[in-house]
Amino acid sequence: AETAGADTRGAADGAALKAAAQADLLARRRVHFAFDSSAVDDESRAVIEAHAAHLAANPQIKVRLEGHCDERGTREYNLALGERRAQAVERLMRVLGVGSNRLTAATYGEEKPLDPEHNESAWRLNRRVEILY
């Protein structure tokens, strides 16, 4: 009987840890990208999966996905790359069961940097998709 109680506590602790991890992922509203890429990495995928699960549980919520780039490249190229990034996140959310009528993708290219500096650290921050509720 004692081990059954420990198993129950272990399961409850596991569920609490999973809920905390999910909340941590949901608190993250940005996914970042490698230079000149719209490929979603594993860390970003976990964030997107958490948001997709949240959207599945809350069917009234709609989301705007805004793609951004660093300042390198032409304005036109960066607008297109920002769009590809937003669409990559949108595609993954749709695969995860979020209806396309609840998702809007937009691009800002290099127009709205998080960090205005001109270095790799700033550029890394600026290559992103914002997940906006």
Side-chain angles (χ1 to χ4, degrees):
E2 195 171 311
T3 56
D7 288 348
T8 304
R9 276 194 309 279
D13 289 348
L17 283 173
K18 185 175 180 182
Q22 185 81 351
D24 181 55
L25 289 170
L26 267 181
R28 297 168 58 190
R29 300 289 177 94
R30 292 185 186 118
V31 293
H32 293 273
F33 293 84
F35 175 70
D36 199 26
S37 173
S38 59
V40 175
D41 64 19
D42 290 342
E43 183 179 347
S44 295
R45 183 180 177 90
V47 172
I48 295 164
E49 287 173 347
H51 284 282
H54 177 69
L55 290 166
N58 297 279
Q60 75 285 4
I61 297 176
K62 293 187 179 197
V63 174
R64 181 175 170 85
L65 305 167
E66 295 182 348
H68 299 270
C69 299
D70 65 36
E71 67 193 40
R72 298 171 291 177
T74 65
R75 182 177 186 279
E76 293 76 19
Y77 181 83
N78 285 339
L79 284 169
L81 180 57
E83 185 169 356
R84 286 194 304 276
R85 288 174 173 164
Q87 289 171 344
V89 174
E90 179 183 29
R91 254 191 321 278
L92 183 52
M93 285 193 169
R94 284 198 328 257
V95 165
L96 294 168
V98 180
S100 57
N101 61 325
R102 299 174 58 201
L103 302 167
T104 304
T107 181
Y108 287 97
E110 65 196 69
E111 305 300 319
K112 293 185 171 186
L114 283 177
D115 186 333
E117 296 295 315
H118 308 286
N119 56 48
E120 186 54 48
S121 173
W123 296 330
R124 191 172 18 261
L125 281 175
N126 293 334
R127 296 188 301 256
R128 71 198 190 278
V129 166
E130 302 266 350
I131 301 170
L132 304 172
Y133 289 91

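The first residue in the sequence is number 1, and the count goes up from there.
- Remark: His54 pairs with Leu26, Asn58, Ile61, Tyr133 by the side-chain contact (heavy atoms from CB on, under 4.5 Å) rule, at least two apart or across chains.
- Atoms CG and NE2, on Asp70 and His118 in that order, are 11.5 Å from each other to the nearest 0.5 Å.
- Val129 and Leu81 end up in different hydrophobic clusters when Ile, Leu, Val, Met, Phe, Trp and Tyr side chains are linked at under 4.5 Å.
- Rounded to the nearest 0.5 angstrom, Ile48 CD1 and Glu43 CD are separated by 11.0 Å.
- Of all heavy-atom pairs between Ala88 and Ser38, the closest is CB-O, 3.3 Å.
- Two residues are said to be in side-chain contact when any heavy atoms from C-beta on lie closer than 4.5 Å; Ile131 and Leu65 meet this criterion.
- Take Arg102 and apply the salt bridge (charged side-chain N to carboxylate O under 4.0 Å, His left out) test, not counting sequence neighbours, and it matches no residue.
- With sequence neighbours excluded, no residue forms a salt bridge (charged side-chain N to carboxylate O under 4.0 Å, His left out) with Arg85.
- For the residue pair Cys69 and Gly82, the shortest heavy atom distance occurs at SG-N, 3.4 Å.
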Practice task
Starting from the C-alpha separation in whole Å, work towards a yes-or-no answer on side-chain contact (heavy atoms from CB on, under 4.5 Å) for Lys62 and Thr104.
Solution key: CA-CA 8 Å; Lys62 293 187 179 197; Thr104 304; over 6 Å; no
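- Rounded to the nearest 0.5 Å, atoms CD (Glu83) and CD (Glu90) are 9.5 Å apart.
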Practice task
Give the C-alpha distance, both sets of side-chain angles, the deciding distance and a yes or no for side-chain contact (heavy atoms from CB on, under 4.5 Å) between Arg64 and Glu130.
Solution key: CA-CA 8 Å; Arg64 181 175 170 85; Glu130 302 266 350; over 6 Å; no
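- For the atom pair CZ of Arg30 and CG of Leu125, the computed distance is 8.0 Å after rounding to the nearest 0.5 Å.
- Residues His68 and Leu114 form no side-chain contact, since every pair of their non-hydrogen atoms from C-beta on lies 4.5 Å or further apart.
- With sequence neighbours excluded, the residues satisfying side-chain contact (heavy atoms from CB on, under 4.5 Å) with Glu120 are Arg72, Trp123, Arg124, Arg127.
- When all heavy atoms of Ala86 and Ala105 are compared, the closest pair comes out as CB-CB, 3.9 Å.
- Note: Leu17 CG to Gln22 CD = 13.0 Å, rounded to the nearest 0.5 Å.
- Ser100 is linked by a side-chain contact (heavy atoms from CB on, under 4.5 Å) to Arg94, counting only residues two or more places apart in sequence or in another chain.
- The backbone N or O of Asn126 lies less than 3.5 Å from no partner atom in the side chain of Asp115, so there is not a single donor-acceptor pair.
- Taking CG from Asp42 and CD from Glu49, the interatomic distance works out to 9.0 Å, rounded to the nearest 0.5 Å.
- The hydrophobic cluster containing Leu25 also contains Val31, counting ILVMFWY residues as joined when their side-chain heavy atoms lie under 4.5 angstrom apart, directly or transitively.
- Every residue meeting the side-chain contact (heavy atoms from CB on, under 4.5 Å) condition with Arg75, not counting sequence neighbours, appears here in chain and number order: Leu79, Glu111.
- Of all heavy-atom pairs between Ala122 and Asn119, the closest is N-OD1, 2.9 Å.
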